[in-house]
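Reminder, nothing fancy here: chain letters follow the sequence lines and each chain counts from 1.
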Number of protein chains: 2
Amino acid sequence: MTARRSFARLPRERRVGDILDAARSVFAEHGYENAGMSTIAEQAGVVEGTIYKYFANKRDLLNQVLSRWYEGMVADQNDQLAGIVGTRSRLRFVIWRHLKTIATEPALCRVFFLEVRAAGEYHASDLHVLNRGYTRAAVAILREGIATGEVRPDIPVRLVRDIIYGTIEHHTWDYVCGRGGLHVEELADDLTRVVLSGIGSRCEAEPGTADRLERVADRLETLMARAGRDGGASS
Amino acid sequence: MTARRSFARLPRERRVGDILDAARSVFAEHGYENAGMSTIAEQAGVVEGTIYKYFANKRDLLNQVLSRWYEGMVADQNDQLAGIVGTRSRLRFVIWRHLKTIATEPALCRVFFLEVRAAGEYHASDLHVLNRGYTRAAVAILREGIATGEVRPDIPVRLVRDIIYGTIEHHTWDYVCGRGGLHVEELADDLTRVVLSGIGSRCEAEPGTADRLERVADRLETLMARAGRDGGASS
DNA sequence: GCAGCTAATGAATGAAGCTCAACAGCGGTC
DNA sequence: GACCGCTGTTGAGCTTCATTCATTAGCTGC
């Protein structure tokens with residue numbers, strides 16, 4: 001990690017790896033704008049020009065740093081998700097996993113949220129594809145939930161996906177900027193609950209409540225009627 | 001608007017206004033990074049140095065452009081909101097209003113979403129205060145809803161606020177980047193509905209449930225009234 | 001051990017934000 | 001109405017930083 005001008009011809013893989021490691025650490029520490037190519041070069045033990053042998057420009061370097069990071073995350077998430085059943089549990093896991101990532105790597109997340117989508121070429125980039133792969137899990141869970149009847153069939157699936165990721169991004173912004181804490185478990189619970197049940201009070205009744213109450217009323221009416229007959233007969 | 005070197009000593013207000021107008025248009029067209037101070041200066045009919053007489057630096061200029069824009073929006077929103085009653089309607093209005101702003105000024109919104117929070121000084125800036133004033137409306141509506149019983153009292157109010165603004169920001173990103181359309185009315189309906197009712201099927205509590213419950217209550221009241229009369233007469 | 005290939009260098013380039021010493025219009029004073 | 005100081009305005013120049021490129025030097029095949 002410490003800077004040392006090597007002037008050794010390393011295998012391409014190793015050089016690229018060194019540069020990506022250095023770039024990741026410098027981007028995380030200083031953000032995109034304030035990260036200098038010279039700093040990255042120094043930390044990677046090369047000279048600025050060398051970086052341009054392997055990366056087209058600063059933005060490309062950032063994209064590749066984040067791509068490498070993302071690839072691991074997507075694979076990891078899908079592995080773990082395979083062992084979880086039930087719409088609620090699976091949805092909570094996806095939410096919890098995302099929050100956990102933010103809690104663990106706030107600095108890199110900050111760069112991702114801020115800088116990646118800034119580039120006009122985002123839609124053509126690897127990162128866009130990876131991001132879709134990552135959020136696809138949530139969409140799949142919702143579709144399964146609809147199939148099993150745990151989720152209403154008329155909900156706009158993509159909007160709900162955006163509710164999950166948009167809310168988390170918005171809510172964790174202060175933490176990501178180094179302000180305040182992040183209560184991962186509590187937040188995961190709250191968001192899962194609100195997404196599944198909404199905030200309205202009218203939804204608290206289980207289905208069938210009206211039926212049951214009507215039967216209760218029937219029984220009371222029957223009782224009253226009988227009481228009325230008895231009372232009438234005795235008087 | 002066309003560039004003309006004036007060398008006239010304009011009143012401070014007018015100069016500042018010219019520069020802000022030019023900056024707004026250039027930032028909207030090119031984004032922050034690709035907007036040149038020289039371009040802004042040219043369009044404002046001054047020389048680069050003049051801008052630094054009134055604004056500390058490029059970022060400060062952007063902040064003031066957005067502050068001026070925001071101030072109008074906040075006042076406007078609160079005015080219109082004053083004429084709307086009912087939690088559902090008020091919540092939908094806030095959502096609709098935000099979407100409408102994005103639909104009308106996607107370029108400025110893009111700059112705001114991307115750049116403003118990038119600065120470390122965001123938390124100390126006017127914009128942060130304005131933003132809190134803007135989103136406070138949603139929080140107030142939720143608290144009123146809890147008071148009137150239309151909203152469950154145990155919901156995390158600030159999380160719901162972030163659901164509203166985070167979801168909108170996330171969902172409209174493609175549109176804001178110039179890709180695809182934006183169906184404001186449909187989106188406002190969907191988001192309002194999901195926030196109020198959630199996505200879970202147990203909440204389906206068939207339409208008409210409330211009516212039926214009220215009829216049950218009517219029947220019970222009738223029974224009680226009759227029981228009271230009969231009981232009183234027989235004793 | 002030589003030749004050729006190319007990774008690696010580092011000084012040079014150019015663009016963009018920002019500074020500053022000098023200039024010019026304006027208002028007040030005698 | 002001429003002088004004087006004040007300050008808005010200028011534009012050349014400084015600095016920083018990404019990016020380039022001619023040159024150098026380690027590796028590999030012959």
Side-chain angles (χ1 to χ4, degrees), chain A residues 2-24 26-27 29-65 111 114-116 118-121, chain B residues 2-27 29-65 111 115-116 118-121:
Chain A
T2 35
R4 184 90 348 108
R5 199 52 32 84
S6 54
F7 213 135
R9 292 166 80 104
L10 295 184
R12 181 191 178 90
E13 237 174 55
R14 171 74 191 282
R15 247 305 102 89
V16 171
D18 285 354
I19 295 172
L20 285 173
D21 288 343
R24 172 170 169 164
V26 175
F27 282 138
E29 188 175 359
H30 299 101
Y32 180 74
E33 222 177 352
N34 295 322
M37 291 299 271
S38 56
T39 315
I40 295 172
E42 195 183 357
Q43 208 164 109
V46 296
V47 123
E48 300 182 50
T50 304
I51 298 179
Y52 289 89
K53 187 85 196 169
Y54 301 104
F55 302 93
N57 50 43
K58 195 180 174 185
R59 190 124 244 154
D60 178 46
L61 179 56
L62 175 66
N63 282 341
Q64 296 208 34
V65 165
V111 178
L114 269 184
E115 297 298 342
V116 160
E121 330 91 47
Chain B
T2 35
R4 184 95 341 112
R5 197 55 30 86
S6 54
F7 213 147
R9 294 167 78 104
L10 294 185
R12 181 192 177 88
E13 238 174 56
R14 172 75 193 281
R15 253 295 111 88
V16 171
D18 285 354
I19 294 172
L20 285 172
D21 288 344
R24 172 169 169 164
S25 120
V26 174
F27 282 138
E29 188 176 359
H30 298 100
Y32 180 75
E33 222 177 352
N34 295 322
M37 291 300 270
S38 57
T39 314
I40 294 172
E42 196 184 355
Q43 210 164 109
V46 295
V47 127
E48 293 178 59
T50 304
I51 298 179
Y52 290 91
K53 187 84 196 171
Y54 301 105
F55 302 92
N57 50 43
K58 194 180 174 184
R59 189 125 244 153
D60 178 46
L61 179 56
L62 175 66
N63 282 342
Q64 295 208 35
V65 166
V111 177
E115 298 298 342
V116 160
E121 330 91 48

When the distance from [atom1] of [X] to [atom2] of [N] is rounded to whole Å, what number comes out?
| X | N | atom1 | atom2 | answer |
| --- | --- | --- | --- | --- |
| A/N34 | C/dG17 | CG | P | 15 Å |
| A/E42 | C/dT9 | CD | C1' | 15 Å |
| B/R14 | D/dG8 | CZ | P | 17 Å |
| A/E33 | D/dA18 | CD | P | 10 Å |
| A/E13 | C/dA7 | CD | C1' | 16 Å |
| B/L61 | C/dC18 | CG | C1' | 13 Å |
| A/N57 | C/dA15 | CG | P | 17 Å |
| B/Y54 | C/dG17 | OH | P | 20 Å |

Next on the checklist: Working to the nearest 0.5 angstrom, can you tell me the gap between B/I51 CD1 and B/M37 CE?
Outcome noted: 4.5 Å

Next on the checklist: When you measure from the side chain of A/Y54 to the backbone of A/L61, do you find a donor-acceptor pair of N or O atoms at a distance under 3.5 Å?
Outcome noted: no

Item to check | B/Y52 side chain near C/dT19 phosphate (N/O to OP1/OP2, under 4.0 Å) | outcome: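 For C/dT19, OP1/OP2 do not have a side-chain N/O of B/Y52 under 4.0 Å.
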
Checklist entry - DNA chain C: A/K53 or A/G49, which has the more 5' nearest nucleotide? => result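 Final value for this comparison: A/K53.
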
Item to check | Flag side-chain contact, heavy atom, 4.5 Å: A/Y32 against A/L114 | outcome: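 A side-chain contact under 4.5 Å is absent here.
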
Checklist entry - Does A/D18 reach the side chain of A/V46, with side-chain heavy atoms less than 4.5 Å apart? => result no

Item to check | Selection from C/dA8, C/dG10, D/dT10 that lies nearest to any side-chain heavy atom of B/V46 | outcome: D/dT10

Checklist entry - Quick one: on DNA chain D, does A/M37 or A/T50 contact a more 5' nucleotide (nearest heavy atom)? => result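 By nearest-heavy-atom nucleotide position, the 5'-most residue is A/M37.
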
Checklist entry - Reckon A/F55 touches a base, only the sugar-phosphate, or nothing at all at heavy-atom distances under 4.0 Å? => result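 Nothing, no heavy atom under 4.0 Å.
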
Next on the checklist: Under 3.5 Å, is there any donor-acceptor pair linking the side chain of B/E48 to the base of C/dC18?
Outcome noted: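 Indeed, a donor on one side and an acceptor on the other fall under 3.5 Å apart.
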
Checklist entry - Donor-acceptor pair under 3.5 Å: do we get one between B/R9's side chain and the base of D/dT7? => result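 In this structure, the two groups form a donor-acceptor pair.
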
Next on the checklist: If the condition is ring pair (Phe, Tyr, Trp, His ring centres under 6.0 Å), which residues does B/F55 pass it with, not counting sequence neighbours?
Outcome noted: none

